[in-house]
Amino acid sequence: MKVLHLDTNHPLLWEGLEKLGFDNEADYTSTKNEIEEIIAEYQGIIIRSRISLDKSLLEKAVNLKFIGRVGAGLENIDMAYAIERNIFLAAAPEGNRNAVGEHCLGMLLSLFNNFNKAHREIQQGIWEREGNRGVELEGKTVGIIGYGNTGKAFAQKLTGFDVEVICYDILGGVGDANARQVGIMELQQRTDVLSLHVPQTPLTKNMINTSFIEAFHKPFWLLNTARGKCVNTDDLVAALKSGKILEGHSA
């Protein structure tokens with residue numbers, strides 16, 4: 001069976017497929033149209049995000065048996081059509097959990113302490129002590145939406161801080177020692193910092209919109225390490241302007 005790698009990835013994947021008897025081929029530069037011309041030759045595809053595997057491409061992949069995505073989500077694949085074709089889909093939802101958890105914590109600390117703003121000013125010779133004093137995390141309530149791999153990793157990173165961590169998920173029983181699972185109303189009532197850790201699906205697209213934001217009882221900080229399309233950009237801008245979503249220098 002021939003496997004086409006459309007993005008670079010760790011050599012272990014290539015080596016592992018070879019040991020299983022697959023013939024690996026790489027094409028990291030061809031366009032989607034060019035890939036469509038040759039895709040019928042392959043039984044497997046390995047991708048990250050360079051090319052979208054939509055229905056038009058998959059229709060030409062007449063011998064395709066599986067798609068492997070080196071990443072947490074499958075939103076750049078026409079999943080419904082692939083499942084209809086009995087094409088096996090595989091992702092790596094645990095692969096980046098620690099990196100995302102650490103990155104999210106770094107974003108939060110940078111946001112609260114105005115690191116980016118202060119750094120830019122220092123580069124220009126400006127020392128604005130009071131303007132960059134920041135906010136302490138202690139005593140805040142961090143609400144996590146989506147308590148899967150990355151949500152749990154972020155909550156674990158927060159255990160060293162004096163904060164309350166709550167989580168909301170469409171699945172029940174996912175809370176643990178690091179985060180208490182709550183309903184959406186309690187999340188919107190108590191949250192000071194909201195962190196998104198959801199996949200991109202029809203349910204989560206534009207989920208952070210004006211009506212959702214206005215349901216929060218107090219202004220809050222927003223972190224998004226999920227997908228950009230989960231947040232309605234126009235509504236986010238409006239909420240930042242109104243002060244419902246807080247910026248880094250807000251008290």
Side-chain angles (χ1 to χ4, degrees), residues 3-10 13 17 26-36 39 42-61 64-104 107 143-155 167-171 174 184 194-213 222-237:
V3 180
L4 180 61
H5 296 248
L6 295 177
D7 293 277
T8 58
N9 51 67
H10 198 283
L13 178 57
L17 288 168
D27 188 333
Y28 304 148
T29 58
S30 291
T31 66
K32 180 174 176 290
N33 289 338
E34 290 170 335
I35 294 298
E36 288 180 350
I39 197 63
Y42 299 92
Q43 288 75 43
I45 301 175
I46 303 296
I47 61 167
R48 289 207 315 251
S49 302
R50 186 173 72 87
I51 288 179
S52 175
L53 302 186
D54 57 17
K55 185 176 180 180
S56 68
L57 188 149
L58 293 177
E59 283 178 330
K60 297 175 175 62
L64 194 62
K65 304 298 182 186
F66 71 89
I67 300 169
R69 178 162 190 272
V70 186
L74 294 167
E75 68 274 1
N76 59 333
I77 302 168
D78 188 330
M79 292 178 58
Y81 182 68
I83 292 170
E84 180 184 323
R85 286 267 311 278
N86 292 316
I87 298 170
F88 178 74
L89 302 175
E94 297 183 12
N96 65 346
R97 59 176 296 171
N98 185 70
V100 172
E102 290 187 2
H103 183 76
C104 199
M107 289 171 62
I144 296 173
I145 297 184
Y147 204 60
N149 288 297
T150 64
K152 288 179 183 292
F154 180 44
C167 64
Y168 172 78
D169 198 284
I170 59 172
L171 299 177
V174 298
I184 191 63
L194 182 67
S195 187
L196 291 188
H197 298 268
V198 295
Q200 182 181 308
T201 70
L203 286 176
T204 62
K205 188 175 180 180
N206 286 319
M207 67 177 293
I208 306 300
N209 55 31
T210 295
S211 61
F212 186 85
I213 293 167
L222 175 65
L223 304 175
N224 182 19
T225 52
R227 295 295 188 252
K229 291 183 179 180
C230 294
V231 179
N232 183 299
T233 302
D234 291 338
D235 293 353
L236 171 62
V237 171

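Owing to the predicted nature of the structure, the values given are computational and were not obtained by experimental measurement. Each residue takes its place number in the sequence, starting with 1.
Partners of E36 according to the salt bridge (charged side-chain N to carboxylate O under 4.0 Å, His left out) rule, which considers only residues two or more places apart in sequence or in another chain, are K32, K60. For A91, the side-chain contact (heavy atoms from CB on, under 4.5 Å) test picks out L74, P93, with sequence neighbours left out. Partners of I170 according to the side-chain contact (heavy atoms from CB on, under 4.5 Å) rule, which considers only residues two or more places apart in sequence or in another chain, do not exist here. The salt bridge (charged side-chain N to carboxylate O under 4.0 Å, His left out) check on R227 picks up E75, with sequence neighbours excluded. For N9, the side-chain hydrogen bond (donor to acceptor under 3.5 Å, both in side chains) test picks out H5, with sequence neighbours left out. With sequence neighbours left out, N232 forms a side-chain contact (heavy atoms from CB on, under 4.5 Å) with N206, N209, D234, D235.
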- [ ] I would like to know whether S52 and D54 meet side-chain hydrogen bond (donor to acceptor under 3.5 Å, both in side chains); could you show each step before the answer?
- [x] CA-CA 6 Å; S52 175; D54 57 17; 5.0 Å; no
Task: side chain to side chain contact (heavy atoms under 4.5 Å, CB included) between T204 and L196, intermediate numbers included - done: CA-CA 10 Å; T204 62; L196 291 188; over 6 Å; no
- [ ] Begin from the C-alpha positions of I35 and L57 and carry the test side chain to side chain contact (heavy atoms under 4.5 Å, CB included) through to its verdict.
- [x] CA-CA 8 Å; I35 294 298; L57 188 149; 4.1 Å; yes
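Note that CG of L53 is 7.5 Å distant from CD1 of I39, once rounded to the nearest 0.5 Å. Of the inter-residue distances, the one linking T233 atom OG1 with I208 atom CD1 reads 12.0 Å to the nearest 0.5 angstrom. The line from CZ of R97 to NE2 of H197 is 11.5 Å long, rounded to the nearest 0.5 Å. One distance of note links OG1 of T8 with CD1 of I46; it measures 12.5 Å at 0.5 Å rounding.
A heavy-atom distance below 4.5 Å is not found between the side chains of F88 and L64. Between I47 and I77, some side-chain heavy-atom pair lies under the 4.5 Å cut-off. Side-chain atoms of F212 and I184, non-hydrogen and from C-beta on, do get closer than 4.5 Å to each other. Counting only heavy atoms from C-beta outward, the side chains of I213 and L222 never approach each other to under 4.5 Å. Annotation: side chain of N98 is not in contact with side chain of N96 (no heavy-atom distance under 4.5 Å). At a threshold of 4.5 Å between non-hydrogen side-chain atoms, the residues I67 and I87 count as touching.
Residue I144 comes nearest to G151 through the heavy atom pair CD1-O, 3.7 Å, listed as atom of the first residue, atom of the second, then distance. The two residues H103 and T225 have their closest heavy-atom pair at CD2-CG2, 4.2 Å. For Y42 against V3, the heavy-atom pair with the smallest separation is CD2-C, 3.9 Å. Of all non-hydrogen atoms in A26 and L4, the two that sit nearest each other are C-CD1, 4.4 Å. Of all non-hydrogen atoms in L58 and R85, the two that sit nearest each other are O-NH1, 2.7 Å. Across every non-hydrogen atom of D169 and L171, the tightest pair is OD1-N, 2.8 Å.
A side-chain donor-acceptor contact under 3.5 Å links K152 to the backbone of V174. Between the side chain of R48 and the backbone N or O of G71, no donor-acceptor pair lies under 3.5 Å. A donor-acceptor pair is defined here as one N or O able to donate and one able to accept, closer than 3.5 Å; such a pair exists between the side chain of T31 and the backbone of E34. Under the 3.5 Å distance criterion, the side-chain polar atoms of R69 are left unmatched by any main-chain donor or acceptor of N76.
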